[in-house]
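The sequence lines fix the lettering, A, B, ..., with proteins before strands; numbering per chain opens at 1.
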Number of protein chains: 2
Amino acid sequence: MVRAGLTAERVTLAAAELADEAGLDQVTMARVASRLGVKDASLYSHVRGLEDLRGRVALLAADEKTLRIAEATVGRAGKDALVAFADAWRDYAHRHPGRYAATQIRITIDPELAARAPGPRRAVELTYGVLRGYGLAEPDLTDAVRLLRSTFHGFVALESAGGFGHERAPQRSWERALDALHATLTHWPSARDGDPS
Amino acid sequence: MVRAGLTAERVTLAAAELADEAGLDQVTMARVASRLGVKDASLYSHVRGLEDLRGRVALLAADEKTLRIAEATVGRAGKDALVAFADAWRDYAHRHPGRYAATQIRITIDPELAARAPGPRRAVELTYGVLRGYGLAEPDLTDAVRLLRSTFHGFVALESAGGFGHERAPQRSWERALDALHATLTHWPSARDGDPS
DNA sequence: AGTTATAACCTAGGGCTCCTAGGCGAGCAA
DNA sequence: TTGCTCGCCTAGGAGCCCTAGGTTATAACT
């Protein structure tokens, strides 16, 4: 009998590929195992269970997405950096819908495993890096980071859930949203300026 | 044998309550049935299956959320209406996490059933109503609607997934986001004003 | 009131899921 | 060559979704 040479990483990668091709809900132990030429029970030597596997896919996706964003934004600043950041985010979600969906799941990840993953921490650093050019200081910086992440994630989630009708290309709306975010960051009100219009 | 008096509506409501209490993934035919004092096979007279049931929960949630927003925004205009709209959205998501999660699922709803549900159409009308005060015209209106929905949904999704650290109260960031959206809508650039900063 | 028809709820069971327990043998170390 | 480790196996339990077919409560009609 030839051994398959499984590792936690290979199992996670197979699950991620399956998620992108067939949807996250189609990721079952049996299907991942069959893709690796193995029985489902064999996976439990490498992965604690289905929930653990999903968590690993989520961590993988976070790392990959962060890497793409880092590559896209390196050497850029200002609106250039903002657009590159946002486009890389959206592009990753489009290219890897299953992996991206895994990141949306309420977190039930092995803390020890999560601590070793560089993705989330690095993602925060990158976001702060983009905002550095806009001259914001805490706590405005935190608020701005949250606004950016909310807008990017919300747009991508609605778009891929079919939440936008077909009357206008999402690309145009995306560009306008980025214009709006750039303007918002440029003129961020550093103090409350009550405008009860 | 006493009959339980089930209807599709009662089954959907039980599923929605279970989703809010235990999480959407805990909504199984068996658990919904037991909550109604019935065997799982009995539900299939009223509901086509689990996917259909989830779709009905999603439709219920959309209708309820729209209703709350309508109540909150009636008689308001401008930023007042924007804030009421957004707060009602976020409040619904907080109060009914399971129902809200159901609305995020990639749509696989019986089209005939969906056509009878007033929620989605009414939601679009309400959003356009809020924007009326800002004097936008198509296609800017569509772009603005998408920006609002993206920001609201993205913020709520990240917030309830634990995506924000604990270093600053989300409420503050939410208020700043609404300030930013109000400013964006007030000064919406009706033509492209390329600012390659 | 008695009869009939509808349909609400049941039991039984198939095929799928995740997961555990225990066994065999492949390939490495001595 | 011998022996050990551990990678992958088979077997099986519990629970999932769903279908088929049987009972029987209830509503409708004479």
How does the hydrophobic cluster around A:Leu13 look, that is, which other residues are in it when side-chain heavy atoms under 4.5 Å mark a link?
A:Leu60
Test of understanding: with side-chain contact (heavy atoms from CB on, under 4.5 Å), list the residues that count as partners of [X], not counting sequence neighbours.
X: A:Ala22; value: A:Leu18, A:Gln26, A:Arg31
X: A:Glu21; value: A:Glu17, A:Arg35
X: A:Tyr44; value: A:Met29
X: B:Arg132; value: none

For a quick test of reading the model: is some side-chain N or O of B:Ser45 closer than 4.0 Å to OP1 or OP2 of C:dA8?
no
Would you say B:His46 places a side-chain N or O within less than 4.0 Å of OP1 or OP2 belonging to C:dA7?
no
Tell me the interatomic distance from A:Lys39, atom NZ, to C:dC24, atom P, rounded to whole angstroms.
19 Å
Could you state the atom-to-atom distance from CG of B:Leu43 to C1' of C:dC10 in whole Å?
13 Å
Quick test: give all pairs of protein nitrogen or oxygen and nucleotides 17-19 of chain D nitrogen or oxygen below 3.5 Å, distance rounded to 0.1 Å.
{"residue": "D:dC17", "atom": "OP1", "partner": "B:Met29", "partner atom": "N", "Å": "3.1"}
{"residue": "D:dC17", "atom": "OP2", "partner": "B:Met29", "partner atom": "N", "Å": "3.1"}
{"residue": "D:dC18", "atom": "OP2", "partner": "B:Tyr44", "partner atom": "OH", "Å": "3.2"}
{"residue": "D:dC18", "atom": "OP2", "partner": "B:Leu50", "partner atom": "N", "Å": "2.6"}

With sequence neighbours excluded, residues passing ring pair (Phe, Tyr, Trp, His ring centres under 6.0 Å) with B:His96:
B:Tyr92
With sequence neighbours left out, the residues meeting side-chain hydrogen bond (donor to acceptor under 3.5 Å, both in side chains) with B:Glu71 are none
For B:Ala88 and B:Arg68, the nearest pair of non-hydrogen atoms, with its separation, is CB-O, 4.1 Å
Residues touching DNA chain C, which here means a heavy atom under 4.0 Å, drawn from residues 14-26 of chain A:
none
